[in-house]
Each structure stands twice: as C-alpha cells, then as structure tokens.
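Below: one structure, written as structure tokens.
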Amino acid sequence: MYAQMVKSTGSAVKSLHEMTPQERAFQERVDAGERIEPKEWMPEGYRKTLIRQIGQHAHSEIVGQLPEGNWITRAPTLERKAILLAKVQDEAGHGLYLYCAAETLGVSRDELYEALHEGRMKYSSIFNYPTLTWADIGAVGWLVDGAAIMNQVPLQRCSYGPYARAMVRICKEESFHQRQGFDIMMKMANGTPEQKEMAQDALNRFWGPSLMMFGPSDEHSVHSAQSMAWKIKMNGNDELRQKFVDLTAPQAEFLGLTIPDPDLKWNEERGHYDYSEPDWDEFFEVLRGNGPCNKERLGARIEAWDDGAWVREGLMANAAKRRPMAAE
Ligand code: BYC
C-alpha cells in the first residue's frame, strides 16, 4: 500500500524515419531548441512522461517538507527557526508551481494527489530517511538541496515551457536553501567536538541517499534515453551525480569533514573525483516502500488530505453559492 509501486515503463527511442510526419515535425522543433507550450500538439508519450516527472517532482517538494518541518519547533535559535520556516514554506510554493505546470498537461491536482496516496506515483527516495539531529537539517540543505540544484538548473532549459519557467524561480530559492544548510554545517563543524561529531554523523547518513537522488545508473535508467531525446531531461543521471561529487568533495574538505567513502579520490587523468556507487539494493528497497520512513511520510500526507476535507468542502460550497450570484 505505501510502496511507490509504479512499474517503470521505459521504451526505445524512435529514430526520425520511424516517426509519423507529425512526430518528426515535433522532434525537429525540440532539436532546434524550441519551447513546447501547453496547447500545442505533442506525442502522447511526451505528455505522459512530463506528467510523471513533474508530478513526482511536485510530490517530492511537498513530502520533502516533512523531514525539515519536524525541526521547526526545535531549531536552536529564533533566527534559525525563522530561516527554516521560510525554507519549508518555499518547498510548498515549489510544489504548487509544479502542480500548476502539470495541470497544463490535462491532469488535475486531485488526480495527482490520489495517485500519490494510492502508491501509484513516486516521490524522491531521499525523503524516506529520518532527520535525527539538528545537524541533519544542515546536511539536508547542503547535500539534498545541493543535489536538487545540480539536477534542476539544466531543467530551466528543458523543452516544455511551463516546467522550464517553474524551474527558474525554484532554482533561485534552492541556492538560498543550499547556503543555509552549508551555514549550519559550518557552525556545527567548527563548534564543540560533540557538534562536529553530529555534523560528521549527518554526513555519514545522508551521503549515499543524496547520491541516489540522481536516479539509477544510466545503464538501469529506463527513461533517460527518451527523456533526453525529448529534452525533458538535459543530462544523464551519472553525469549529474559526478558533477555533484566534484562540487561537494572540496566543500566537505573545507568543513573538515570526511565523506564516508574510502574510494573517494581526485583522478587527475579523468579530471573528476572517483567515488563508490551508492548501495543500489537499498535504493530499490526504498522505492518499493521499505525505507525507514516510507509509511510515516505517506501516512502524514494522507492524514493531511483527510484533515483538510472540511476546508475543501467549505470552499466548494461557497463557490457553488456564489455562482448564481455571479450569473445575475
Ligand atoms: N527517488 O529511468 P529513471 C527537492 C525512479 S525535491 C524515487 O532514471 P527518470 C527538495 C524513476 O521515477 C527534488 N524514484 O527515471 C524538496 C523511475 O520510476 P518510474 C526532486 C526515483 O525520471 C524539499 C525509475 O526510478 N527532484 O529538491 O528519467 C526539501 C527509473 O529511473 C529516483 C526532482 O524530482 C529517486 N531518487 O530520472 C528539500 C527532479 N530516481 O517513474 C529539497 C526531476 C529515479 O518509471 N526529476 N527514480 O516509476 C528528474 O530529474 C528525474 O525524474 C530523475 C529520475 C533524475 C529523478
């Protein structure tokens, strides 16, 4: 029930000569870097892939409020509390922009929520891990928002107009989020030995799950080839993961913390860091609904939906009452 049990359905990319004239004209527009807008013709697969990705993305923003929301009342100072509150509110806003972008593809927000609640749609695996200490809030901002930026900046150039435009605003806010996380890590890493230990422990627990945010290795990514041909995705999963490692490793060094990977080493020849693959068995278990917090996270969303029923009913009743008045 709580699993994100959707079966992946990637299919081979059609070559230009296998396409219908309409599909070919569409692909040529995408190849030329043109933006596709809501009312324009698009292949059904393109529309479905966008609904899947934007919907999952929106759900991630909303479910992603839970691990951090957990710390709003326990943030160590008033300033930290205000900052965290603003960040969590931003995530709600991101969810709303993204649900709106998905709605332009002919799916309603209610349908998307229903699919999430029934385990027919996924959200990012990272939010199925608990935030046990204040340092975890630093690690989430630094690593989770850091990974999100790495993935989302290229999406500002994606082929679907409403998604690309939503990304512009989201990315601006994500950089603030990443910096506030790094700032928490700086304070902790330069604090008492106990605080530094907490920072290291948070890095130890969030490193692998952050690498998993980029999705399975290209070899196991069922959607990448088609999504990249349609410019719904601009890069492969492994390419972005490598960029994230390259950017983050020196930051960890600056903090005086150790990334929990004995194989992490700068490779002069490649011009990149070598690193170990995360535990992919764990990743697929989390996707099957067996992560540490899957049940809790989805349970909280379902409860919020049920608790809000009276508000939705009230609003609908009010709108129905006003309709005849507006017609007069
Ligand atoms: N978790 O063929 P692949 C945030 C699924 S939130 C769960 O490579 P694709 C924030 C994938 O969906 C930021 N599932 O897929 C919020 C597919 O299954 P389906 C979230 C994952 O789509 C609050 C299957 O595995 N960012 O920043 O080409 C607080 C095969 O994968 C994951 C986005 O959503 C995963 N990690 O590529 C703080 C970015 N990875 O759908 C921060 C937009 C893969 O066939 N999304 N799967 O059932 C994307 O860029 C792409 O969808 C992904 C995956 C790179 C994630």
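Counting from 1, the numbers follow the sequence of the chain as shown. All ligand and atom numbering here is 1-based and tracks the order in the structure.
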Note: ligand 1 atoms sitting under 4.0 Å from heavy atoms of Gly215 are 40 (N), 44 (C)
Value for CD1 (Ile149) from CD (Glu173), rounded to nearest 0.5 Å, stands at 11.5 Å
Would you check whether Phe284 reaches within less than 4.0 Å of ligand 1, judged by its heavy atoms?
no
Decide whether an N or O pair under 3.5 Å exists between Val144 and ligand 1.
no
Go through ligand 1 atom by atom and flag the ones less than 4.0 Å from a non-hydrogen atom of Ala148.
27 (O)
So, is Ser125 polar-close to ligand 1, with some N/O to N/O distance under 3.5 Å?
yes
Write down the atom of Lys81, the atom of Thr73, and the distance for their closest heavy-atom approach.
NZ-O, 3.4 Å
Is His177 in contact with ligand 1, taking contact as a heavy-atom separation below 4.0 Å?
no
Glu174: numbered ligand 1 atoms lying under 4.0 Å from its heavy atoms
27 (O)
Using a 6.0 Å cut-off, check whether atom CD of Glu253 has over 12 heavy atoms from anything other than its own residue.
no
Option set Ser60, Ser224, Ala58, Ala147, criterion heavy-atom distance to atom 20 (C) of ligand 1, minimum
Ser60
Before you tell me yes or no, could you show the steps for Glu37 and Arg165 under salt bridge (charged side-chain N to carboxylate O under 4.0 Å, His left out), namely the whole-Å CA-CA distance, both residues' side-chain angles and the distance that decides it to 0.1 Å?
CA-CA 11 Å; Glu37 295 299 336; Arg165 289 189 286 272; 2.8 Å; yes
Asp246 side chain to Gln242 side chain, donor-acceptor N/O pair below 3.5 angstrom:
yes
Check whether any N or O atom of Glu61, backbone or side chain, sits under 3.5 Å from an N or O atom of ligand 1, and answer yes or no.
no
Can you list the ligand 1 atoms lying under 4.0 Å from a non-hydrogen atom of Val222?
2 (O), 30 (C)
Give a yes or no on whether Glu197 atom CD has more than 12 heavy-atom contacts from other residues, nucleotides or ligands under 6.0 Å away.
no
Judged by heavy atoms only, the candidate from Gln53, Gln56, Arg241 nearest atom 41 (O) of ligand 1 is Gln56
Using a strict 4.0 Å threshold on nitrogen-to-oxygen distance, state whether Asp183 and Arg80 make a salt bridge.
yes
Just jot down the ligand 1 atoms closer than 4.0 angstrom to any heavy atom of Tyr123, in number order.
1 (N), 7 (C)
Asn237 N/O to ligand 1 N/O under 3.5 Å
yes
Taking distance alone, with N or O pairs closer than 3.5 Å, would you say Lys87 contacts ligand 1?
no
To which of Ser221, Pro67, Pro216 does the heavy atom nearest atom 44 (C) of ligand 1 belong?
Pro216
Going by heavy atoms, is Met121 under 4.0 Å from ligand 1?
no
Is it true that Glu114 and His117 share a donor-acceptor pair across their side chains at a distance under 3.5 Å?
no
Using a 4.0 Å cut-off to any heavy atom of Asn151, which atoms of ligand 1 qualify?
39 (C), 43 (C), 49 (C), 50 (O), 55 (C)
Within the supplied structure, the quantity of interest is the number of heavy atoms (other residues, nucleotides, ligands) at a distance under 6.0 Å from Glu18 CD; does it exceed 12?
yes
Between Glu239 and Lys243, is there a side-chain N and carboxylate O pair less than 4.0 Å apart?
no
So is there a nitrogen or oxygen of Asp145 less than 3.5 Å from a nitrogen or oxygen in ligand 1?
no
Looking only at distances, please establish whether an N/O atom of ligand 1 is found under 3.5 Å from an N/O atom of His220.
no
Between Trp280 and Gly215 the two heavy atoms that sit nearest each other are CH2-O, 3.2 Å
Note: His94, heavy atoms under 4.0 Å from ligand 1, region reported as neither
Arg169 and Tyr97 side chains, donor-acceptor separation under 3.5 Å:
yes
Below a 4.0 angstrom heavy-atom separation, can you tell me which part of Ile126, side chain or backbone, both or neither, approaches ligand 1?
neither
Give a yes-or-no answer on whether the side chains of His57 and Ser60 include a donor-acceptor pair shorter than 3.5 Å.
no
Min N/O separation Glu91 to ligand 1 under 3.5 Å:
no
May I ask you to list the atoms of ligand 1 that are less than 4.0 angstrom from any heavy atom of Met213?
36 (N), 56 (C)
His177 vs Glu91 side-chain heavy atoms within contact, under 4.5 Å
yes
Please check: side-chain N/O of Lys231 versus main-chain N/O of Val30, any donor-acceptor pairing under 3.5 Å?
yes
Do other residues, nucleotides or ligands put more than 12 heavy atoms under 6.0 Å from the CZ atom of Arg312?
yes
May I ask you to check if ligand 1 and Lys233 share an N or O to N or O distance below 3.5 Å?
yes
For ligand 1 and Ser227, I'd like to know whether there is a polar contact (N/O to N/O, distance under 3.5 Å).
no
For atom 26 (N) of ligand 1, the option (of Met234, Lys122, Gln152) bearing the nearest heavy atom:
Gln152
Note: ligand 1 atoms sitting under 4.0 Å from heavy atoms of Phe214 are 55 (C)
